[in-house]
Amino acid sequence: MKKLCFRFALSLVIVLPCVLGITACSESEDVQLEVSGELEDEAILSEIDGKFEILRIHTNGSWTIDIPEDASHWVYIAKKSGHGDSNIPVSIDANFGSAEGRSTTITITSGDVIHKIPVLQHPTYNGEAVPNDDAQHILIA
């Protein structure tokens, strides 16, 4: 009887992790992730005065959003993790005082599915190039 109990316990130790591993793999393969919003060419495009955008995350799993450290001072995400469908506000700060554009990439991950969204901020206002001198700041503001 002790030998039978020992074999049963041993088989549980060997088989159970394998079963759990297979279950975990099948769940991650079934994860779906779609991201939408008022994206232009699958990107968030902003002019020099900044932008507010809502990203719509559609997923049947948990998700995270990552922003590169060097963009964390001008791209703000209200919520960086969650589960299931969510509407996530994204705010792009104005870039007055620089005639250069800037860019980064937001990465949204759910399971093994990764979706990257470029963020591009152009030195334009109403489609016109902005020289970014003091007089122009007053006109835009």
Side-chain angles (χ1 to χ4, degrees), residues 2-141:
K2 284 184 182 182
K3 197 172 194 178
L4 183 61
C5 288
F6 177 75
R7 284 185 184 172
F8 179 74
L10 184 60
S11 63
L12 278 179
V13 170
I14 294 172
V15 173
L16 191 59
C18 295
V19 170
L20 292 176
I22 292 169
T23 304
C25 290
S26 66
E27 285 177 10
S28 65
E29 290 175 11
D30 294 334
V31 170
Q32 298 171 356
L33 174 63
E34 292 180 30
V35 180
S36 62
E38 293 183 24
L39 306 174
E40 298 176 43
D41 297 325
E42 296 296 316
I44 297 174
L45 302 180
S46 172
E47 290 193 301
I48 203 165
D49 59 334
K51 184 171 189 169
F52 182 80
E53 176 75 47
I54 300 288
L55 290 179
R56 290 170 184 81
I57 297 175
H58 305 284
T59 183
N60 57 349
S62 295
W63 53 266
T64 59
I65 299 177
D66 292 311
I67 301 170
E69 185 69 31
D70 62 346
S72 64
H73 69 282
W74 62 277
V75 177
Y76 301 98
I77 305 279
K79 186 177 175 184
K80 293 187 179 180
S81 65
H83 185 83
D85 295 347
S86 298
N87 292 329
I88 307 300
V90 178
S91 179
I92 311 298
D93 272 356
N95 192 22
F96 297 121
S98 171
E100 299 295 319
R102 54 189 176 181
S103 65
T104 193
T105 301
I106 295 172
T107 303
I108 302 170
T109 306
S110 183
D112 293 336
V113 182
I114 298 171
H115 191 95
K116 294 184 179 275
I117 300 176
V119 178
L120 308 167
Q121 188 171 36
H122 302 288
T124 59
Y125 182 72
N126 287 334
E128 300 291 324
V130 176
N132 258 330
D133 59 16
D134 290 334
Q136 195 67 25
H137 290 167
I138 294 167
L139 291 174
I140 293 173

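Quantities reported herein were computed from a predicted structural model and do not represent experimental measurements.
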[X] versus [Y]: any side-chain heavy-atom pair under 4.5 Å?
| X | Y | result |
| --- | --- | --- |
| Leu55 | Ile108 | yes |
| Val75 | Ile44 | no |
| Ile65 | Ile57 | yes |
| Trp63 | Ile88 | yes |

Is there a side chain to side chain contact (heavy atoms under 4.5 Å, CB included) between Arg102 and Asp93? Walk through the geometry before answering.
CA-CA 11 Å; Arg102 54 189 176 181; Asp93 272 356; 4.1 Å; yes
Main-chain N/O of [Y] paired to [X] side chain as donor or acceptor, under 3.5 Å:
| X | Y | answer |
| --- | --- | --- |
| Gln121 | Glu47 | yes |
| Asp49 | Asn126 | no |
| Thr105 | Pro118 | no |
| Ser110 | Ser62 | yes |

His122 to Leu45 - nearest heavy-atom pair and separation
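Where His122 meets Leu45 most closely, the heavy atoms are NE2-CD2, 4.2 Å.
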Provide the closest heavy-atom pair for Asn95 versus Glu100 in the form atom of the first, atom of the second, distance.
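Scanning both residues completely, I find the closest heavy atoms to be ND2-O, 3.1 Å.
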Nearest 0.5 Å please: distance from the [atom1] atom of [X] over to the [atom2] atom of [Y].
| X | Y | atom1 | atom2 | answer |
| --- | --- | --- | --- | --- |
| Glu42 | Lys116 | CD | NZ | 14.5 Å |
| Leu33 | Thr109 | CG | OG1 | 8.0 Å |
| Glu34 | Thr59 | CD | OG1 | 9.5 Å |
| Ile67 | Ile117 | CD1 | CD1 | 11.0 Å |
| Ser91 | Lys51 | OG | NZ | 11.5 Å |
| Ser36 | Ile54 | OG | CD1 | 11.0 Å |

Using the rule given for side chain to side chain contact (heavy atoms under 4.5 Å, CB included), can you reason through Asn60 versus Val31, listing the C-alpha separation, both sets of side-chain angles and the distance that settles it, and then say yes or no?
CA-CA 6 Å; Asn60 57 349; Val31 170; 4.0 Å; yes
